[in-house]
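These notes concern the structure reproduced below.
No hydrogens, no waters, no symmetry mates; every other heavy atom, side chains included, goes into these values. Order of the sequence lines fixes the chain letters, A, B, ..., with proteins taken first and strands second; residue numbering starts at 1 for each chain.
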Amino acid sequence: MRVVVDLNRCQGYAQCCYAAPEHFEVRGHEILFYDPAPPDAMRSKIERAQQACPVRAISVEPAGLGEDDRT
Amino acid sequence: MSAVDDPSIVIVGASLAGLRGAEALRDSGYTGPLTIVGDEPYRPYDRPPLSKHVLAGDLRAEATELPQLTAVRAQWRLGQAAVALDRAGRTIRLADDTVLPYRSLLVTTGARARPFPGAGAGLPGVHTIRGRDDAAALRSALAEKPRRVLIVGGGLIGCEAASCCRDLGLSVTLVDPNPTPLARVLGMLVGNSVAVRMKDAGVSFRPHTHVKAFESRNGKVARARLEDGGEIEADLVIVALGAERDARWLAKAGLLADGGGLTCDAACRAMTGEGAPDPHIYAAGDIARWPNPLFGDRLRTVEHWGNAVEQARHAARNMLAGRDDQKAYAHLPAFWSSQFDVNIKAIGSTEGADKIAIVHGSRTSGRFLAVYGRAGRTVAAVSFDEARWLPAYESQIACGAPFPPILDATDQAPIDHFSPGFPAPRLASESADTTERESIHA
């Protein structure tokens, strides 16, 4: 699955890191490092991280989307 | 509906802007045919990680493919650059000679790395960072443990690359014509904070240094020859001199386009040589040079991630709107960069700033928020690990509030302001588009 974080928006609240610690990590004081391509099996955790973000910076590709027009 | 009766909306540039524009068209109810053309063989991918986590080896280059947020139901034409535009016939031609008719066109072709202008730019071991393939090739080369890495250009990309190289334990020299890194983006006062971090991290920063050429040994880059005759040994070179655009195919079709961008009107419509916009051609992202009301309508490109997203959505909205309902696009630029363990974030434009005030934190602590003023107005704010303060200044910058911001409030420590220390503008002879080189963030 595919994920992108708007890092202009991210304020380093790190709620994603609690929801899905394997895929979101704060480095230094406030640098967010995240996995933009987590395994599909992690979807529920990733979506929890998305919902937990207080500034709504995380975008997640809905399941199945993007596959219908694969060339 | 046949293709002839209902030609496609065509998006040229399978980029962040191209994808977000396509989604916005679908979200706005466009159900007709949609074609996305890309010169690279890849679906749209995210560039910011390329000069950071991909170089560091934390992410594979292919992991950067962007999520599709709405089903775009597009026909993808990847691996084929658009090479010609016929505005009268409303068609574009691709590198493989395919001709695509369009109902309207969105140009989101972005920018490419500015090549090193001197001799030796093509030598094995000389890299640039712009695309996925560039980053993957550079990552492989760094994994081979080069003895000495030389980075030419102390902008955002050069500094991020230097940070990654040090994390990998490599010996790194970074050269720049200015006295500090990031001098053109942030000014020398703040740039000096980066210089300090760089030094602490073990980067050899060489200010006031101009590279003339790269020289080889056994067919591979071995050293940089400097303009003063000196040399710097290097078996791997990263050229980070900013971005330029390939807009010749647009200029040939009579649009106002050059290496600095494609000129648009306020509604993101491409301007023609006759002085009127082409109502069927829009542009967004790094390629689009438009009169931003937040910059006093000066024509500028904004080469940042957030603009690619917002401008593409705005252009898509206007593409579907009537000719009497074309809305002007206003944008407050913003960017981020992570390097040497600090999160740098900025909003506004530091261009032409004549004053700076440190309003939170301190430069000695390494965590601070700097506000920039220009002719008595607040124009930009830059955060070093103080990101949560940044949004507080957004509205002040957007409305051009007086600078300095708040002074001498009760119980407030005095805020000093200084000169930000921007280098003198480049001479026209040094660069065809002097204003763009500073804003090189991927």
Side-chain angles (χ1 to χ4, degrees), chain A residues 1-17 19-71, chain B residues 16 19-20 23 34 36 41 43-46 48-49 52-53 56 58-60 62-79 304-307 309-310 332-347 366-367 383-391:
Chain A
M1 62 184 292
R2 282 177 277 274
V3 176
V4 72
V5 179
D6 180 345
L7 293 173
N8 286 318
R9 201 173 260 272
C10 173
Q11 302 288 316
Y13 288 100
Q15 298 307 297
C16 51
C17 308
E22 305 86 350
H23 303 284
F24 296 88
E25 176 190 328
V26 171
R27 296 180 175 177
H29 288 291
E30 55 172 52
I31 299 168
L32 179 69
F33 170 67
Y34 66 96
D35 179 0
D40 286 334
M42 298 301 294
R43 178 169 287 278
S44 65
K45 273 189 137 180
I46 299 293
E47 287 178 349
R48 214 172 302 144
Q50 180 186 25
Q51 295 302 322
C53 177
V55 293
R56 314 287 288 172
I58 304 172
S59 297
V60 177
E61 185 167 289
L65 204 78
E67 304 305 324
D68 56 337
D69 64 353
R70 293 269 134 192
T71 45
Chain B
L16 172 64
L19 178 60
R20 294 296 176 253
E23 291 163 359
L34 179 61
I36 302 176
R43 289 294 179 104
Y45 57 83
D46 206 28
K52 307 177 185 77
H53 312 301
D58 289 334
L59 286 180
R60 293 165 296 113
E62 56 269 33
T64 57
E65 187 176 317
L66 283 160
Q68 214 179 102
L69 305 179
T70 292
V72 296
R73 301 187 306 279
Q75 184 176 14
W76 296 82
R77 299 268 190 168
L78 299 176
H304 296 309
W305 194 94
N307 182 55
V309 172
E310 285 182 24
L332 190 64
F335 71 81
W336 75 86
S337 171
S338 53
Q339 46 181 281
F340 304 106
D341 293 326
V342 68
N343 190 34
I344 301 174
K345 293 180 77 168
I347 49 174
R367 297 186 70 172
S383 151
F384 275 51
D385 275 347
E386 290 280 14
R388 279 175 219 175
W389 287 109
L390 205 53

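- For the pair Arg388(B) and Tyr13(A), the cation sits on the ring face: its NZ or CZ lies under 6.0 Å from the ring centre, inside 45° of the axis.
- Taking every heavy atom of both residues into account, Pro36(A) and Ala63(B) meet most closely at CG-O, 3.2 Å.
- Contacts between Val342(B) and chain A at a heavy-atom distance below 4.5 Å involve the backbone alone (N, CA, C, O).
- Remark: Arg27(A) CZ to Asp58(B) CG distance equals 4.5 Å, nearest 0.5 Å.
- Only the backbone of Asp341(B) comes within contact range of chain A, judged by heavy atoms closer than 4.5 Å.
- Heavy-atom distances place both the backbone and the side chain of Val4(A) under 4.5 Å from chain B.
- Of the inter-residue distances, the one linking Gln68(B) atom CD with Arg2(A) atom CZ reads 8.0 Å to the nearest 0.5 angstrom.
- Inter-residue side-chain proximity for Glu61(A) and Glu65(B) is flagged as unmet; no heavy-atom pair is nearer than 4.5 Å.
- For Leu69(B), the parts sitting under 4.5 Å from any heavy atom of chain A are the backbone and the side chain alike.
- With a threshold of 4.5 angstrom between heavy atoms, Val60(A) approaches chain B through N, CA, C or O but not through any side-chain atom.
- Contact detail for Leu59(B) and Phe33(A): the closest heavy-atom pair is CG-CE1, 4.1 Å.
- Between Gln11(A) and Pro391(B) the shortest side-chain heavy-atom distance falls below 4.5 Å.
- With chain A as the partner, the residue from Leu66(B), Leu390(B), Val309(B) showing the most heavy-atom pairs under 4.5 Å is Leu66(B).
- Neither the backbone nor the side chain of Glu62(B) comes within contact range of chain A, judged by heavy atoms closer than 4.5 Å.
- Here Leu7(A) contributes atom CG and Lys345(B) contributes atom NZ; the two are 7.0 Å apart, rounded to the nearest 0.5 Å.
- Nearest heavy-atom pair across Pro67(B) and Ser59(A) is CG-O, 4.1 Å.
- One finds the CD1 atom of Ile347(B) at 9.5 Å from the CG atom of Asn8(A) (value rounded to the nearest 0.5 Å).
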